[in-house]
Amino acid sequence: MSRQRTALVTGGASGIGRAISLRLAEDGFATAVLDLDAQGAEKVAAECREKGHEAVAFGGVDVSDRAQVDSAVQRVRDTLGPVLALVNNAGVTGTTAFLKITDDQWDQQLAVNLSGPFYLCQAVLPGMIEAGWGRIVNISSSSFHSGQPYMAHYVSAKSGLVGLTKCLALEFGPKGITVNTIPPGFIDTPMLRESERKGLIGGSVDHHAGLTPVRRPGRPEDIAAACAFLVSEEAGYVTGQVIGVNGGRNT
Ligand code: NAP
C-alpha cells in the first residue's frame, strides 16, 4: 500500500469484528474500531497499538442510529482520515418461532443488521468517491444460503444485506469502489457460544464441528483473512460477490 488508508470495522470489539480489526491494522490500515461496547472497542484498539499499528476506538456507537453513525464517521475522518475501507460487521441474532416474532423484534433485527450498514455506506461513500477508491465488505450470514427455522427476522435482514451488496457493487463500480459480502458459517465467537449455551443451535459446537466438511468450527481469523483480501488493492476486480467462509457447510 503506497500510503496508509483508513478502515472502519463495526462491531469491532468482539469475535469476528475483533479479528478483522487486528488483521486490517496489521495489514497497514489506520483502523477505527467502532462498537456499542466502548470498553471492548478500546481494548481491541489498544491491542492493535501494542503491536505498533494505528488504531482508535469509537465506542458507545449504535449502528442502528443514523445520527450516531454520521457523527462517528465524521470523528473517524477528523482523527484518521476518510474511511476508504468499511466492514459492516456489527450484528445481533435472535431465535423466535415465526408466529411469535413481535414487531419490536422484527424492527430490531432489521435496524441493526440492515439499516446500520445502509447508514454506514451512505456516510462513507462520498469520501470513497472523492478518493476514487473504496472497499466495502458486508458480513452477512450463511443462513442466507439455507434459511433457518426460528430466525426469519435475522435471515431476512442478512439476506437483504446481500441484495444491498449487489446493488452498491453495480452503482459504485465505475467509481473504483468494490462491494462484497462474506456470509460466515459457524464461527467460534461469543455470539455462537451464547447460542450454544441457550440451546439454540441443536447440539454442541463440537457436535456441529463433526458434521462440517473441514471438521472444525470456523475461527474469527478465517473471516478476517477473506476480508483482508477483499479490502486489498489486488481484489479490485472482485465485486458484487458472495464469498462464503463456512468450512464447506454451504456449497
Ligand atoms: P459477537 O461476538 O456478538 O460480536 C458482535 C459485536 O457487535 C459485539 O461487540 C456487539 O456489541 C456489537 N454490536 C451489536 N449491536 C450493535 C449495534 N447496534 N451497534 C454497534 N455495535 C453493535 O458476534 P460475532 O459472532 O463476532 O458476529 C459478527 C457478525 O457475524 C454479525 O453480524 C453476525 O450476525 C455475523 N455472523 C456470525 C456467525 C457466527 O457463527 N459467529 C455466523 C453468521 C453470521 P455488544 O456486545 O455490546 O452488543
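Bear in mind that the values here come from a model prediction, so they are computed numbers and not experimental data. Start at 1 and go down the list; that is how both ligands and their atoms are numbered.
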Polar contact flag, side-chain donor to acceptor under 3.5 angstrom, Gln74-Asp70: no
With heavy atoms of Phe186 as the reference, note each atom of ligand 1 found under 4.0 Å away. 40 (O)
Have a look at Ser195, Gly185, Gly17, Gly91 and point out the one with the heavy atom closest to atom 5 (C) of ligand 1. Gly91
Ignoring hydrogens and angles, state whether a donor on the side chain of Thr165 or Asn138 is under 3.5 Å from an acceptor on the partner side chain. yes
So the atoms of ligand 1 within less than 4.0 Å of a heavy atom of Val61 turn out to be 19 (N), 20 (C)
Flag the pair Asp188 and Arg193 as a salt bridge only when some basic side-chain nitrogen lies within less than 4.0 angstrom of an acidic carboxylate oxygen. yes
For atom 36 (N) of ligand 1, the protein heavy atom that lies nearest, with its residue and separation: Tyr154 OH, 3.8 Å
Scanning both residues in full, the closest heavy-atom pair of Ala45 with Ala55 reads O-CB, 3.8 Å
Before signing off on this row, confirm whether Ser142 and ligand 1 have an N or O atom pair separated by under 3.5 Å. no
Arg18 near ligand 1 by a heavy-atom separation under 4.0 Å: no
Using atom types as modelled and distance alone, determine if a side-chain donor or acceptor of Asp35 lies under 3.5 Å from a backbone N or O of Gly12. yes
Do Glu47 and Lys51 sit within salt-bridge range, that is, some charged N less than 4.0 Å from a carboxylate O? no
Out of Pro184, Pro217, Ala72, the nearest non-hydrogen contact to atom 43 (C) of ligand 1 is supplied by Pro184
Using non-hydrogen atoms of the residue, decide whether Gly40 is closer than 4.0 angstrom to ligand 1. no
If hydrogens are left out, which of Val87, Ile201, Asp35, Val245 has an atom nearest to atom 10 (C) of ligand 1, that is, the closest non-hydrogen atom? Asp35
With heavy-atom distances below 4.0 Å as the criterion, list the atoms of ligand 1 near Ile16. 26 (O), 30 (O), 37 (C)
of all protein heavy atoms, closest to atom 3 (O) of ligand 1 is Met191 CB, 3.5 Å
Taking the non-hydrogen atoms of Ser140, is any one of them nearer than 4.0 angstrom to ligand 1? yes
Numbered atoms and elements of ligand 1 in range of Lys158, under 4.0 angstrom, heavy atoms: 31 (C), 32 (O), 33 (C), 34 (O)
Would you be so kind as to tabulate the donor-acceptor pairs closer than 3.5 Å made by side chains of residues 37-44, with sequence neighbours excluded?
| from | atom 1 | to | atom 2 | distance (Å) |
| --- | --- | --- | --- | --- |
| Asp37 | OD1 | Gln39 | N | 3.3 |
| Asp37 | OD1 | Gly40 | N | 2.8 |
| Glu42 | OE2 | Arg49 | NH2 | 2.6 |

Check whether Phe118 forms a cation-pi arrangement with Arg66 (NZ or CZ under 6.0 Å from the six-membered ring centre, at most 45° off the ring normal). yes
Pick, from Asn138, Ile187, Asp188, Thr10, the option with the minimum heavy-atom distance to atom 39 (C) of ligand 1. Ile187
Examine Arg75 relative to Phe58 and say whether NZ or CZ is less than 6.0 Å from the centre of the six-membered ring and inside a 45° cone about the ring axis. no
Thr189 versus ligand 1: do any nitrogen or oxygen atoms come within less than 3.5 Å of each other? yes
Residues Arg216, Asp222: salt bridge by 4.0 Å N-O rule: yes
If the cut-off is 4.0 Å to any non-hydrogen atom of Val112, which atoms of ligand 1 fall inside it? 15 (N), 18 (N)
Would you say Asn89 touches ligand 1, if touching means a heavy atom closer than 4.0 Å? yes
Basic-acidic side-chain contact under 4.0 Å: Arg5, Glu233: yes
With a 3.5 Å cut-off and no angle check, do the side chains of Asp62 and Ser64 form a donor-acceptor pair? yes
Quick check on contacts: which atoms of ligand 1 are under 4.0 angstrom from a heavy atom of Gly15? 2 (O), 26 (O)
Asp62 neighbourhood, listing ligand 1 atoms whose heavy-atom distance to it stays under 4.0 Å: 17 (C), 18 (N), 19 (N)
Pick from Asp37, Val69, Val63, Val33: the one approaching atom 19 (N) of ligand 1 most closely through a non-hydrogen atom: Val63
Heavy-atom nearest neighbour in the protein, as seen from atom 48 (O) of ligand 1, with distance rounded to 0.1 Å: Leu36 CD1, 4.4 Å
